[in-house]
Asker: 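Quick one: this structure, given as structure tokens, is what I'll be asking you about.
Not measured: the values here are computed from a predicted model. Heavy-atom basis, side chains included; hydrogens, waters and symmetry copies ignored.
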Amino acid sequence: MGIRKSKKLQAQTAMIKQILKKLGKKHGYDEEGLPIDVPRGHFAVYVGENRTRYIVPISFLTQPEFQILLQRAEEEFGFDHGDMGLTIPCDEYVFENLTSMLR
């Protein structure tokens with residue numbers, strides 16, 4: 001079981017890195033494709049109809065609840081999130097409640 005989770009986490013991490021590299025060509029990103037205003041060990045996601053930006057710790061990737069959100073994002077958007085970055089398809093208040101429990 002530990003190996004499956006590890007491979008799943010690696011795949012999700014690779015997906016996020018791929019999205020970040022794609023975004024790295026735009027203003028506001030460093031030479032590694034990482035957003036300048038996002039602290040190390042965190043990543044940005046966009047949530048809700050207004051695409052509100054949230055900065056979340058990478059440790060959330062290991063949480064089953066957050067993985068469900070990533071699966072929903074994959075089902076809805078695939079791996080192409082356009083110019084916006086990783087978009088989570090859920091209401092902001094749901095996302096805020098979930099992430100407050102994960103911290």
Side-chain angles (χ1 to χ4, degrees):
M1 279 200 151
I3 294 173
R4 269 193 213 170
K5 284 187 179 182
S6 176
K7 286 183 181 183
K8 193 174 195 178
L9 180 60
Q10 288 174 350
Q12 290 171 342
T13 302
M15 173 189 68
I16 291 171
K17 284 182 180 180
Q18 181 182 17
I19 292 169
L20 292 175
K21 281 183 182 181
K22 191 175 185 182
L23 292 171
K25 297 175 184 170
K26 300 182 183 341
H27 181 69
Y29 294 85
D30 68 13
E31 62 279 350
E32 295 176 352
L34 300 173
I36 294 170
D37 64 338
V38 177
R40 189 169 192 82
H42 292 74
F43 63 101
V45 296
Y46 298 87
V47 180
E49 287 183 30
N50 296 324
R51 302 294 193 249
T52 303
R53 187 172 189 243
Y54 292 87
I55 308 299
V56 296
I58 289 177
S59 63
F60 280 11
L61 294 173
T62 62
Q63 301 297 321
E65 298 86 358
F66 197 81
Q67 290 176 5
I68 291 169
L69 293 177
L70 291 176
Q71 289 171 353
R72 289 170 122 189
E74 179 184 2
E75 289 169 4
E76 187 161 329
F77 303 111
F79 291 111
D80 183 16
H81 291 258
D83 294 341
M84 193 67 174
L86 181 58
T87 305
I88 305 290
C90 77
D91 292 325
E92 289 179 50
Y93 72 90
V94 172
F95 184 81
E96 289 174 2
N97 286 334
L98 173 70
T99 56
S100 69
M101 291 187 289
L102 296 177
R103 291 183 191 264

Asker: Quick one: list whatever passes side-chain hydrogen bond (donor to acceptor under 3.5 Å, both in side chains) with Glu76, sequence neighbours left out.
Answerer: none
Asker: How are the rings of Tyr54 and Phe95 set to each other: parallel, tilted or perpendicular (split at 30° and 60°)?
Answerer: tilted
Asker: Among residues at least two apart in sequence or on other chains, which ones pass side-chain contact (heavy atoms from CB on, under 4.5 Å) with Ile55?
Answerer: Val38, Pro39, His42, Ala44, Arg53
Asker: Could you work out the complete set of other residues in the hydrophobic cluster of Tyr93, with links drawn between I, L, V, M, F, W and Y side chains under 4.5 Å apart?
Answerer: Val94
Asker: Do Ile68 and Phe66 share a hydrophobic cluster (ILVMFWY, side-chain heavy atoms under 4.5 Å, transitive)?
Answerer: no
Asker: Please round to the nearest 0.5 Å and tell me the distance separating atom CD1 of Ile88 and atom OH of Tyr46.
Answerer: 12.0 Å
Asker: Can you tell me how far CG of Leu70 sits from CD of Gln63, rounded to the nearest 0.5 angstrom?
Answerer: 11.5 Å
Asker: Answer yes if Leu102 and Phe43 sit in the same cluster of Ile, Leu, Val, Met, Phe, Trp and Tyr residues linked by side chain heavy atoms under 4.5 Å apart, and no otherwise.
Answerer: yes
Asker: Nearest 0.5 Å please: distance from the CZ atom of Arg72 over to the CD atom of Glu75.
Answerer: 8.5 Å
Asker: On a heavy-atom basis, which atom in Glu92 and which in Val47 lie closest, and how many Å separate them?
Answerer: CG-O, 3.7 Å
